[in-house]
Protein chains: 2
Amino acid sequence: MDNQAAAATPAPSTAQRILDAAEDLFAEKGYSATSLGDVADRVGIRSPSLYNHFKNKEALYEAVLERLLTEFSAPLSELDSGPVTRERVFYWLETIVRQHHANPNLARLLQHAALSGGPHTNALIDRLFSPMFRPATQIEGAENTLIESSGLQPWAVMAFNNLVMSYVTMAPMYRDLLGQDPFSDEALDNQLNLIKTLLRAVFEYKGDIAPGVPPSGE
Amino acid sequence: MDNQAAAATPAPSTAQRILDAAEDLFAEKGYSATSLGDVADRVGIRSPSLYNHFKNKEALYEAVLERLLTEFSAPLSELDSGPVTRERVFYWLETIVRQHHANPNLARLLQHAALSGGPHTNALIDRLFSPMFRPATQIEGAENTLIESSGLQPWAVMAFNNLVMSYVTMAPMYRDLLGQDPFSDEALDNQLNLIKTLLRAVFEYKGDIAPGVPPSGE
DNA sequence: GTAATTGACTAACAATCGTTAGTATAACGC
DNA sequence: GCGTTATACTAACGATTGTTAGTCAATTAC
């Protein structure tokens, strides 16, 4: 009768179940469009009972955010030290892609925050993005690539990050457009393939910086 | 006294001013987080007066969407016919970038719709994205590039589109991160430079498809 | 000039929101 | 066993929401 298998994943506490429900709803609808009644309904309790676990809606949101940020920053913390080789950049990108596939909610929450430009944005920026822009960051052996030598590096870093995150935030649209589950293993492979190919192209491209193309027709 | 200069841009009607205000607010906060009171305040009227111009909130939203879609589809309609050359792909990308810089609201509205996966999404998809995936679309002279030959083409098309749109939807974050106005002329040049460089790298890259990088550290 | 239409307004509604107060029940400490 | 704590509940609040009804001044039609 004792469920040792379930002991590995013990029955989640009410607070955790509230966090789970709130995370999904905040990520889908955003802060103000998510009602505490919706959260409570998903948990199977009444909305005033939420106040036994969180001070108010704002505190619940911040708890959701905190849990997501620690979840996402953990696997990447090991990259903080040591030289930044090309291989580590690839590994870093692949890790991020897999993380966002495993849990799309952080990207969605971040996108909501960025759109509304609310006060939540700053905390997100500091925790997630600022580490990407440490001044000493330069990729070994990439001194003369198009990105490094053209002053576009921070833009390029953001671009690749956006590539990963927008895939997640646009996922419902991908589903309708391409007719397949954007979170399937096959889709994950496709995205990894594409994004690594783009990164390789950037690293190995030896041509000039885009000189501009005459906008007139043929 | 007659203002001939103003005749070129005649005083906008109340309906237009409502559309302008609603467009900004829907794009910033999303549908349900935007109240008709906010819209009315921006126009300088009371919220019930909105009903003299639009049937209800939903109709106002759809009118905003309709105006944006026609505004954005017009400059690109000329690309519907004729062969798809590389130069035309560059021109198409540059046009899209410039459009979204001139008015970021469509991208933001689209991002809100995609996140919430609401019923508005389908109309947006059909009008904006489906033309990108006409079956006969193949880029002249690109038969053997990495994108064309690897079955990644629709993914790549979406990736480049996401690159453009996520720049806009993440603009507030760019402002705080990079410390400059993401919609300045200089920033526009930077983004155009980066995105064209990426596209050139994709077109001219002759290496293999990403073979995967051993994820183990050094 | 008068009638009709437009478009603003105020007042008010039902619903929903976040939140508080007060109560009851089950579990836990000693 | 008993008091304490934790956590669920119902009832109710003030505020805000989208929306309707009805009024009134200004513009337009003839």
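Chain naming here is simple, since letters A, B, ... match the order of the sequence lines and numbering starts at 1 in each.
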Protein proximity profile, nucleotides 11-28 of chain C - base contact B, sugar-phosphate-only contact S, no contact -, cut-off 4.0 Å on heavy atoms: B-----SSBB--------
Phosphate contact (C:dG7 OP1 or OP2) by B:Ser49 side-chain N/O below 4.0 Å: no
Partner set under side-chain contact (heavy atoms from CB on, under 4.5 Å) for A:Ala59, not counting sequence neighbours: A:Lys55, A:Asn56
Length of the line joining B:Asn52:CG and C:dT6:P, which is rounded to integer Å: 10 Å
Salt bridge (charged side-chain N to carboxylate O under 4.0 Å, His left out) involving A:Glu66 - partner list, sequence neighbours excluded: A:Arg127
Contact list for residues 167-177 of chain B, test side-chain hydrogen bond (donor to acceptor under 3.5 Å, both in side chains), sequence neighbours left out: A:Gln111-B:Thr169, A:Asn162-B:Tyr174, B:Arg175-B:Asp181
side-chain hydrogen bond (donor to acceptor under 3.5 Å, both in side chains): pairs with one or both residues in residues 20-30 of chain B, sequence neighbours excluded: B:Asp20-B:Arg67, B:Glu23-B:Arg67, B:Glu23-B:Asn103, B:Glu23-B:Asn105, B:Asp24-B:Asn105, B:Lys29-B:Asp38
Contact boundaries on DNA chain D for chain A, cut-off under 4.0 Å to non-hydrogen atoms: D:dT7 to D:dA11
Residue list, ring-ring contact (aromatic ring centres under 6.0 Å, His included) with B:Phe160, at least two apart or on another chain: none
Salt bridge (charged side-chain N to carboxylate O under 4.0 Å, His left out) pairs, two or more places apart, involving residues 154-174 of chain B: none
Partners meeting side-chain hydrogen bond (donor to acceptor under 3.5 Å, both in side chains) with A:Arg46 (sequence neighbours left out): none
A:Glu94 backbone acceptor or donor facing A:Lys196 side chain under 3.5 Å: no
